[in-house]
Amino acid sequence: MKTVFSGIQPSGELHLGNYLGAIRNWTALQEEFFCYFCVVDYHAITQDCEPKQMKTRVFDMVSDLLACGIDPVRSVLFVQSQVPEHTELCWILNSVAQFGDLSRMTQFKDKSQRQADNINVGLFDYPVLQSADILLYNAEAVPVGQDQVQHIEFARRLARGFNNRWGKVFKEPEAKLTSTPKIIGLDGKAKMSKSMGNTIPLGATEKEIRKRINRAVTDPQREKREDKGEPDNCNVYSLHGCFSTDDDRRWVAEGCRTAGIGCVDCKRRLADNLIEHLDPIRTRKAELVANPDEVHEALNKGAEKARQTAAKTIGKVRKKLGLWQG
Ligand code: TRP
């Protein structure tokens, strides 16, 4: 079985964009691969993050992942800072990583602009820690969105650089692009994200879901009920593609093209389907919140499994480097 590794920042509760862009694929990957799923809290501290919020954000993220179907028995689910080998390997890889290479990372440039008053070295070093995450477990495939491909290519160069200098330890990982294309937010403009306020939290109530969908931007051609539209230009229709049956999709597409149904009908059907889809996730999440020990236990078991593999890799690395073995 091939090994897969992926990480997600503890940004608090999941929303529809994370779910469609990443988590739904993660749950499916478990069928085929041996998977590591890591909540990357050390990456999070490169941005402003209140220590008080850290624990709740990690808890929310982990319980959402469990509720969405990440199986802590089959896969290894853990928090990055539970396994100190991540930072240890990061330091070692720092001596392979090239300053010029890191300076070219577009995410670093973007983030430097966004937080011009806090361009910390961690932000610069971010891709090296990410490489350490992946290489520690000798992962062959890394499911990521397009924005992370540059970082995975970088991880490949680090693996090669290390192997050339000190001898073969690492496999070169490959980016596994998620099949879902970029999910446009409910505003019909930007990529779905919490900061843009154009998404729906996975834990939203039925009322909230309906409210947000009702406000979503649709095909601009359909100003009035009688206007005929083109579903392929419609944001709401693209979400039908993610949550509705073929029959429903046909009904919506046909009704939109002939003005047989209004946008209100299309939205109502989407809301119904979304609510039905999210209901079991919300129920499971509520159980976990009521029983936090289950979450802690899952993480502790995950970290234990992760540590075993990480320790083996670091053992090999130390030997290759000729580090002092007491
Ligand atoms: N940088 C990734 C993101 O922002 C998160 C991440 C950290 C990651 N370590 C990883 C993703 C390792 C894949 C593999 O989305």
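In each ligand, atom 1 is the first atom listed, and ligand 1 is the first ligand listed.
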*asked:* Tell me the protein heavy atom at minimum distance from atom 5 (C) of ligand 1, and give that distance in Å.
replied: Gly7 O, 3.6 Å

*Gln221 and Asn233: side-chain hydrogen bond (donor to acceptor under 3.5 Å, both in side chains), yes or no, with the steps?*
CA-CA 9 Å; Gln221 280 181 335; Asn233 295 338; 4.8 Å; no

*Is the shortest side-chain N to carboxylate O distance from Arg222 to Asp219 below 4.0 Å?*
no

*Got a salt bridge between Arg157 and Glu153, using NZ or NE/NH1/NH2 to carboxylate O under 4.0 Å?*
no

*Would you mind finding which of Phe5, Tyr42, Phe37 brings a heavy atom closest to atom 12 (C) of ligand 1?*
Phe5

_Using the rule given for side-chain contact (heavy atoms from CB on, under 4.5 Å), can you reason through Thr313 versus Glu85, listing the C-alpha separation, both sets of side-chain angles and the distance that settles it, and then say yes or no?_
CA-CA 9 Å; Thr313 307; Glu85 281 83 356; over 6 Å; no

*Which ligand 1 atoms are under 4.0 Å away from a heavy-atom of Asp133?*
7 (C), 9 (N), 10 (C)

_Closest candidate by heavy atom, reference atom 15 (O) of ligand 1, pool Gln148, Gln130, Gln107, His151_ = Gln148

_As an exercise, identify every atom of ligand 1 less than 4.0 angstrom from a heavy atom of Tyr126._
1 (N), 2 (C), 3 (C), 4 (O), 5 (C)

*Is the cationic atom of Arg24 (NZ for Lys, CZ for Arg) positioned less than 6.0 Å from the six-membered ring centroid of Phe243 and within 45 degrees of its normal?*
yes

*Heavy atom under 4.0 Å from ligand 1: found in His43's side chain, backbone, both, or neither?*
side chain

*Find all atoms of ligand 1 within a distance of less than 4.0 Å from any non-hydrogen atom belonging to Val40, and give their numbers and elements.*
7 (C), 9 (N)

*asked:* Using a 4.0 Å cutoff against the non-hydrogen atoms of Val142, which atoms of ligand 1 qualify?
replied: 13 (C), 14 (C)

*asked:* Please work out, at 4.0 Å between heavy atoms, whether the side chain, the backbone, both, or neither of Asp147 comes within that distance of ligand 1.
replied: neither

*Residues which pass ring pair (Phe, Tyr, Trp, His ring centres under 6.0 Å) with Phe108, listed by chain and number, not counting sequence neighbours*: Phe124

*Has Lys171 got its NZ or CZ under 6.0 Å from the middle of the six-membered ring of Tyr137, at an angle within 45 degrees of the ring axis?*
no

